Amino acid sequence: MAEAAVHPKPVAETDRELTDGFHLIIDALKLNGLNTIYGVPGIPITDFGRMAQAAGIRVLSFRHEQNAGYAASIAGFLTKKPGICLTVSAPGFLNGLTALAHATTNCFPMILISGSSEREVVDLQQGDYEEMDQLAIARPLCKAAFRVLHAADIGIGVARAIRAAVSGRPGGVYLDLPAKLFGQVMDAEAGRKSLVKVVDPAPAQLPAPEAVKRALDVLRSAKRPLVILGKGAAYAQADDVIRSFVERNGIPFLPMSMAKGLLPDTHPQCAGAARSTVLKDADVVILIGARLNWLLSHGKGKTWGEPHSKKFIQVDIEPKEMDSNVEIVAPVVGDIGSCVGALLGAMGGDWPAPPSDWIKAVTSKREDNVAKMAPRLMNNNTPMDYHGALGVLRTIVKKRPDAILVNEGANTLDLARGVIDMYQPRKRIDVGTWGVMGIGMGYAIGAAIETGKPVLAIEGDSAFGFSGMEVETICRYKLPVCVVVFNNGGIYRGTDVNTAGSDPATTVFVKGARYDKMIEAFGGVGVNATSPDELGRAVNEAMDSGQPTLINAVIDPAAGSESGRIGNLNPQSALRKK
Ligand SMILES: Cc1ncc(C[n+]2csc(CCOP(=O)(O)OP(=O)(O)O)c2C)c(N)n1
Ligand SMILES: [Mg+2]
């Protein structure tokens, strides 16, 4: 704690310039370029939000903290600066906590700032207003958690939070600000001096030259090499160097969901449409900012062909990621930009092309799959099936490659990911590592605010329900967001029947629901679309006008499948009851 706060100078209060916790927090954020806050007001942070707004920070008020938190998390992914979420104590804090844990899991930099109740009362469990030991509860769910008790420590507290969020592998950080802190007064000059402008918050981490050489030796020996790009590669904003690396070595690449568009999905080396072939048959795989978690079947099992038939090279900033699931024969640890740059540099100009039979095999598989899909995407059935509706949206995204695509649901997610080609980096944002429902409107708002680009949110009707009230927020801030609800009347399908009673089945919703009416309540444009043609017209109009729009896309209730593409993860009992 700084000297000034402990021993205030013996000058009459009226004679000197003073500052307080409110202003020091605002100044500390602004000093570090953190100019946007996503949150929900209430005790003890209502005035803080007002003052921050008055001081030029953009403060976006949501209807639920979880959505504000998701907006902050995706702001972190898109900008490499920590997204800020602001909540009240206990329940507001807990509402924001899911998003904080999500940010940590997905390696997005985010800071959850929550007001908290009085320490003395909380620690004696004397029943304060919204009493909760928030710091202890947040700690296991984030990368770091800090509490500031004295105004003179605000500068350091904010600096530590920023560094923890963005350095190394990024993640969520919790910053606990007790109510009393906001009103604490101190000398303004001492306050100014206590602030910290964080220098080089995410320092480059260079890989060792031996690690680079080892990786290239393995890669050079490959007969059937594969590059896998993860969302860490998208986050790195090292787009040019990654593209040069992939093009120089000529290896087929497979983008993970949020890495789509890092190189266009239509690139001749893209193996997205030959995923099962390349995973099964590759002999050397280089993972760039992608983890071998469940999304890649942990690097083993039948997805990956013969056991122990491949060698993995992994590029990641986190040394502990290596050997997490299978042996990594060539770890390259450092930030993605530095690592890929070093690999590219050490490759030289005469890197051999991969064997042509491998390239031919991948290309022909890809072309077969694309040709098989094409007629399904052109159907104009009513009610729509997923392919008919997605075929139209695919064309719209092709014409508007800089729009941001938000996507969640089960079938709505899995099929849209496969059907809709992306052309630019960081344009596709979705459920991420957890496959979580509820990111939709928070992501749409965060993306619109941070990028100024139009947003197209493709939402399952269940998925949309988790954050649907934020359509009011979208209308209030007049954001260029077009939400398309794929309304198949339920979770996975709208056809389940409860044979044991009169309650509806657990996976179905109200039949014939009209989600488009929801946005009309707030002055937005609502459209009910029953055919691909109607859907295409409505989305194009919305993207042209920039008006907040919600399109209820009527999908055949029987069209989906259980859990989309991951039905195999549902537990099965050996006991089959008849
Ligand atoms: C927070 C959270 N709760 C529940 C789930 C389980 N879940 C997975 S997909 C899904 C909804 C799928 O239905 P919908 O969004 O309508 O997509 P559809 O398959 O019908 O196109 C749910 C509830 C989840 N993934 N995340
Ligand atoms: Mg549905």
Side-chain angles (χ1 to χ4, degrees), residues 64-67 69-70 73-74 94-106 141 257 293-295 381 383-393 405-420 429-444 456-471 483-496 504-516 518 528-530 535 550-571:
H64 190 292
E65 292 87 351
Q66 189 175 105
N67 305 318
Y70 285 140
S73 75
I74 207 64
L94 287 173
N95 284 345
L97 200 54
T98 308
L100 186 70
H102 166 83
T104 304
T105 301
N106 284 275
L141 298 173
S257 196
N293 57 20
W294 71 279
L295 288 157
N381 295 345
M384 293 181 272
D385 59 25
Y386 286 92
H387 288 89
L390 289 169
V392 165
L393 299 178
L405 180 67
V406 175
N407 191 198
E408 61 175 336
N411 294 280
T412 305
L413 174 89
D414 291 340
L415 294 169
R417 186 200 303 115
V419 167
I420 299 180
I429 48 181
D430 66 26
V431 299
T433 311
W434 268 345
V436 67
M437 297 299 112
I439 47 90
M441 297 305 101
Y443 271 23
L456 175 62
I458 304 179
E459 301 273 310
D461 51 343
S462 165
F464 172 71
F466 287 75
S467 66
M469 190 64 211
E470 303 295 347
V471 294
V483 182
V484 178
V485 175
F486 271 40
N487 185 358
N488 65 346
I491 298 174
Y492 315 138
R493 272 187 304 261
T495 49
D496 270 10
T506 55
T507 57
V508 301
F509 299 140
V510 167
K511 303 247 174 282
R514 290 287 300 275
Y515 291 94
D516 50 310
M518 285 176 65
N528 189 47
T530 58
L535 175 62
L550 195 158
I551 300 161
N552 184 58
V554 182
I555 304 283
D556 180 352
S561 57
E562 179 90 358
S563 303
R565 288 269 164 86
I566 54 173
N568 59 312
L569 298 182
N570 284 304

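What you see is a predicted model; the values in this text were computed from it and never measured. Just follow the structure's listing: the first ligand is 1, and inside any ligand the first atom is 1. We number each residue from 1, following the sequence as shown.
For atom 1 (C) of ligand 1, the nearest protein heavy atom (residue, atom name, distance) is M437 O, 3.5 Å.
Between the side chains of N95 and Q66, no donor-acceptor pair of N or O atoms lies under 3.5 Å. For the 3.5 Å distance criterion, the side chains of N570 and S563 qualify, holding a donor opposite an acceptor. There is a side-chain donor-acceptor pair under 3.5 Å between Y386 and N488.
Interface atoms of ligand 1 facing N488, defined by a heavy-atom separation under 4.0 Å, are 20 (O).
For atom 23 (C) of ligand 1, the candidate residues are G560, S462, G564, P557; the nearest heavy-atom contact is made by S462.
For the Mg ion (ligand 2), the set of protein N/O/S atoms nearer than 2.8 Å consists of D461 OD1, N488 OD1, G490 O, ordered by chain and number.
For G490, the heavy-atom gap to ligand 1 drops under 4.0 angstrom.
With a heavy-atom cut-off of 4.0 Å, F464 does not touch ligand 1 at all. Only the side chain of Y386 comes within 4.0 Å of ligand 1, judged by heavy-atom distances. In D461, the parts holding a heavy atom less than 4.0 Å from any atom of ligand 1 are both the side chain and the backbone.
Checking only distances, A410 does come within under 3.5 Å of ligand 1, N or O to N or O. For the pair V436 and ligand 1, the shortest N or O to N or O distance does not fall below 3.5 Å. Note: an N/O pair closer than 3.5 Å links T412 and ligand 1 by distance alone.
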